[in-house]
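Residue numbering restarts at 1 for every chain, and letters A, B, ... go by the order of the sequence lines.
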Amino acid sequence: MTHGNGSDYPPAPPASARRVLGHAVTRIEDLPLVTGRGRYAGDINFAHQLHMRVVRSTKAHGKILSVDASAAVAMKGVVAVWTNADIADLSPIDFRADKNATGIREFRQPALARTYVRYIGDPVAAVFAEEPYLAEDAAEQVAVEIEELPVVMSASDPPGEFEPGRSSEAIVLHHSFGDVAAAFRDAAHIVEIDVQTGRHSGVPLETRGAIGIYDAARDLLELHGAAKIPHRNRETLCRMLKRSPSALHVHESHVGGGFGIRGELYPEDLLVLVAAMRFGRPVKWIEDRREHLMCANQGREQRHKARMALDKDGHILGIEDEIFHDQGAYIRTHGVNVPNRTMCMMTGAYRVPAYRAKARVRLTNKTPAATYRAPGRYESTFVRSRLMDAAAHRLGIDRVEIRRRNLIKPSELPYTIAFDEPGVEALDFDSGDYPALLDKALAAYGWDALQADLKRRRTAGELVGSGIAIFMEESGRGPADNAKVKVDPDGAVELITGGASLGQGFETVMAQICAEALGVDYRRVRVVHGQTDLIDHGIGAHAARATVLTGGAVHVTATMVRDKALEFASELLQTPAADLDIVDGTVMRKNGSGGPSIALADLAKRMAPGSKLLRGRAPQLAAHGWYNTDHTVFPYGIHLATVRVDGDTGRIAVERFMVAYDVGRAVNPLLIEGQLVGGCIQGLGGALSEEFVYDETGEPLSATFADYLMPTLREAPDVEVLLTEDAPSPRHPLGLKGAGEGGINGAGGVIASAIDDALQMPGAITRLPVTPQRIRTLLRRRAGP
Amino acid sequence: MTDRVDITLIINGRSHAISVEPRKTLVDAIRDDCGQTGTHIGCEHGICGTCTVILDGEAIRACLMFAIQADGRKLRTVEGLADGDTLHPLQQAFIDHHGLQCGFCTPGFLMLAVNALEHNPDIGDDELLDVLSSNLCRCTGYQNIVKAVKAARDQMRGMKG
């Protein structure tokens, strides 16, 4: 078999029946990282490299009148200062997926601003110098004259002008199904909310960086410091720079976290590549933290005016939502994916007969926004949770009970949600038992006993409460991925993937999948990723695809090698292949029955080119396989939290936090829990303290870690993880679903739910983050006049 | 551009004779002039702690010092923790307890923890949390970092006998 397709597979066996798959083994990528021998973008250096420093707009909106770089250029060691005129042929940065391109191409960002600047931080000029400190000195000498224009700082405000004759409301998107008018007409109850998720983002510890290098000897242009989606980025770069794929390669080394925001193409990536070609020297760019907080993709900022229609028993009849999506200054590589995902995933795990959503994608004079971990889902889960809590309060039904009543039942799966709009893909839930996970989570959390306990504490004067949020995740989107597996003559296995590692444990997971199929020790598998010159196609690591899609390809390919090994071994061992197994790298009779055996290493040697054993067959114990799928798979989960509000300071203490998550089948529970816990804490940051704030002139006020407050150990509760494998995906040969984005998905929703309960003010939380200041305002309101 | 100053940084017992501008930060000198890139830069304003190194027995943020201030003084960075192929118990504990994901904050946490445990091998849980809350991690949610450091503390206490 050369490829697997996405039809239903037999149920995948549990971990106990596997040798390494499903086991919490330690990671193979850790050794260099704990010994300081990692190679992040900042650690990469080439001889004679130049350093780039970007000159950025100090005004949020304006027309560039002049750029005077004369003082900078005169400095010794400064090689050049570029403005848009120096890269006039370069198109603005393209979208990754062309299908989103209609009507919004005009809002793309040029690598250097040409006529207008649209956010503080917008690149205006680029300095190239012999040393990084010098480049920064020179950048400060570049004088940019800007004629200020009015700013639009909120997506709720009337749109302004992106440019003369073009509104800053870029596009209005629609998702709908069913008869929404009838739903609201017939409703026994209608709840309406007006809520917002605040602007925040992934903010990885490593800032962005890129090194461009042009090898004139081979006419090869290379980008180092790549991440997330090397192959897709290469496609875009080739298109923009008019080079064929074999003439441009992208290389990923170690990456200090991504969370969706690193690895998209930014102006600086283009600049270092063009500069490398033009100067004939490597060009290195590493941003500082302040730049990162003003220029790397931000996200989450949406306002939802939503309403829900219910019957008298609390069953959802319909949902309607108007979204004001704050896109920031430009539409970057993701096009309008985020508002689309928001609308698409709004109904979650509930049965919703009718739905209508409209998303106004509005540009503002802030940093451009794009995908951040669980994009569109963090937002929509927050909105849906607020609606469900509002419905519970309105109908006088328990918050958990009303959710239970509306959950899609296991007997209804596979469950399809199809939208009216052409081109909007349907959601096709593959497997799941949402009520069962709800029961397990509540039991594990001790929910019922907790309610009594909290009531008692509230009576004693504490502001304590609990919250719930149920979320649907999506992962493993196709269409295809591939892998190359080869067993060396010394028994080591080389696995080449088109994947990417952002720190999530990609190498270990792929090694486990490969080792399971091939019968070797997972530590003998060398996993290669992020090198476009070693494999031609890859989906990188995003949207929780790696384990499912790349893992699928690894499984298929390793199985091909296994089959080849057994075919040749059966000839050498004079035993039918069906009676053979591979254990710890040795082919032997099954069930330890003894008899002749051969190590894979020796088999590989015997299969070398020219060997008589081949008899016309392809040499080497190797294969290149593909995994194709039409289907996305759907993991799901539940967040539960207990909070205590300090009545004086307004600070929220998260006393307990749980994420219950069904991952289908786990490759490595240790790593999955790591993803879930990390996601939970990140999500809490966005729920309680992280926010990019701008003043009325567009000045970013959260440009240092003293202002942009991420959770420290002190703010991080111990997250309880309930990991289940109730619903393996029938669409995947190993039953796998992804886990990268589950932890963060419901964090905003659950915290809002818990704080409402703690304050005994249903519906109080309408805005994230719930900062102490906002709590104090609520407390004053609660105390009354 | 000001004149450079000749200084010597003693990193993990090895002397590095370098020539730096007075304004060059210690972390930049360690990384660029001495080629020890295990120490990372996360914020350059002293909050994230990824640049934590040990200077004369004290954990400091190398982004907040100038290189010339460390002239002739004893620096320890993550590259000096292992003894040849034998990992420091903290390094092993981070691996065993999945205390790292992307690894960018890891050297800073390791040096912070090493220093705390060397000063007080019997450090209590609360004080340990206090120390560890100095540094930021964006990937792990801290849970496994705490597990790893506690495990190493307990193991090292046991080893002392």
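Of all heavy-atom pairs spanning B:Phe104 and A:Leu205, the tightest one is CE2-O, 3.4 Å. Nearest heavy-atom pair, B:Cys102 versus A:Gly257, reported as atom, atom and distance to 0.1 Å: CB-N, 3.3 Å. Here the shortest heavy-atom pairing between A:Phe259 and B:Cys139 reads CZ-SG, 3.7 Å.
With a 4.5 angstrom heavy-atom cutoff, A:Pro711 touches chain B via backbone and side-chain atoms both. Only the side chain of A:Ile681 has a heavy atom closer than 4.5 Å to any heavy atom of chain B. Contacts of A:Ala706 with chain B are made by both backbone and side-chain atoms, with heavy-atom separations under 4.5 Å. When heavy atoms are compared at a cutoff of 4.5 Å, A:Leu671 approaches chain B by way of both its backbone and its side chain. A:Pro717 touches chain B through its backbone: at least one of N, CA, C or O sits under 4.5 Å from a heavy atom, while the side chain does not. Within the 4.5 angstrom heavy-atom criterion, atoms from both the backbone and the side chain of B:Leu129 approach chain A. Proximity to chain B is absent for every atom of A:Val25, based on heavy atoms less than 4.5 angstrom apart. Interface remark: B:Ile47 contributes side-chain atoms only to the contact with chain A (heavy atom separation under 4.5 Å). There is no contact between B:Ile145 and chain A, counting heavy-atom distances below 4.5 Å. Only the backbone of A:Leu502 comes within less than 4.5 Å of a heavy atom in chain B; its side chain stays farther off. Heavy atoms of A:Val255 lying under 4.5 Å from chain B belong exclusively to its backbone.
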Applying side-chain contact (heavy atoms from CB on, under 4.5 Å) to B:Leu87 and A:Leu31, what does each step give before you reach the verdict? CA-CA 9 Å; B:Leu87 294 179; A:Leu31 188 58; 3.9 Å; yes
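Of the listed residues A:Gly258, A:Gly202, A:Cys680, the one with more heavy-atom pairs under 4.5 angstrom with chain B than any other is A:Gly202.
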Compile the donor-acceptor pairs, distance criterion under 3.5 Å only, formed between chain B and chain A.
unit_1: B:Arg4; atom_1: NH2; unit_2: A:Glu131; atom_2: OE1; d: 2.9
unit_1: B:Arg23; atom_1: NH1; unit_2: A:Asp137; atom_2: OD1; d: 2.9
unit_1: B:Arg23; atom_1: NH1; unit_2: A:Asp137; atom_2: OD2; d: 3.4
unit_1: B:Arg23; atom_1: NH2; unit_2: A:Asp137; atom_2: OD2; d: 2.6
unit_1: B:Thr25; atom_1: N; unit_2: A:Tyr133; atom_2: OH; d: 3.1
unit_1: B:Asp28; atom_1: OD2; unit_2: A:Tyr133; atom_2: OH; d: 2.5
unit_1: B:Arg31; atom_1: NH1; unit_2: A:Asp43; atom_2: OD1; d: 3.0
unit_1: B:Arg31; atom_1: NH2; unit_2: A:Gly42; atom_2: O; d: 3.1
unit_1: B:Arg31; atom_1: NH2; unit_2: A:Asp43; atom_2: OD1; d: 2.8
unit_1: B:Gly42; atom_1: O; unit_2: A:Arg289; atom_2: NE; d: 2.7
unit_1: B:Gly42; atom_1: O; unit_2: A:Arg289; atom_2: NH2; d: 3.0
unit_1: B:His45; atom_1: NE2; unit_2: A:Phe705; atom_2: N; d: 2.9
unit_1: B:Gln91; atom_1: NE2; unit_2: A:Val34; atom_2: O; d: 2.7
unit_1: B:Gln101; atom_1: O; unit_2: A:Arg27; atom_2: NH1; d: 3.3
unit_1: B:Gln101; atom_1: O; unit_2: A:Arg27; atom_2: NH2; d: 2.6
unit_1: B:Gln101; atom_1: OE1; unit_2: A:Gln675; atom_2: NE2; d: 3.1
unit_1: B:Gln101; atom_1: NE2; unit_2: A:Gly674; atom_2: O; d: 3.0
unit_1: B:Cys102; atom_1: O; unit_2: A:Tyr40; atom_2: OH; d: 2.7
unit_1: B:Gly103; atom_1: O; unit_2: A:Tyr40; atom_2: OH; d: 3.3
unit_1: B:Phe104; atom_1: N; unit_2: A:Tyr40; atom_2: OH; d: 3.3
unit_1: B:Asp130; atom_1: OD1; unit_2: A:Arg714; atom_2: NH2; d: 3.0
unit_1: B:Arg138; atom_1: NE; unit_2: A:Gly202; atom_2: O; d: 2.7
unit_1: B:Arg138; atom_1: NE; unit_2: A:Val203; atom_2: O; d: 3.4
unit_1: B:Arg138; atom_1: NH1; unit_2: A:Glu690; atom_2: OE2; d: 2.8
unit_1: B:Arg138; atom_1: NH2; unit_2: A:Ser201; atom_2: O; d: 3.1
unit_1: B:Arg138; atom_1: NH2; unit_2: A:Gly202; atom_2: O; d: 3.3
unit_1: B:Arg138; atom_1: NH2; unit_2: A:Glu690; atom_2: OE1; d: 2.7
unit_1: B:Arg138; atom_1: NH2; unit_2: A:Glu690; atom_2: OE2; d: 3.1
unit_1: B:Tyr142; atom_1: OH; unit_2: A:Pro711; atom_2: O; d: 2.7
unit_1: B:Gln143; atom_1: OE1; unit_2: A:Val719; atom_2: N; d: 2.6
unit_1: B:Gln143; atom_1: NE2; unit_2: A:Val719; atom_2: O; d: 2.9

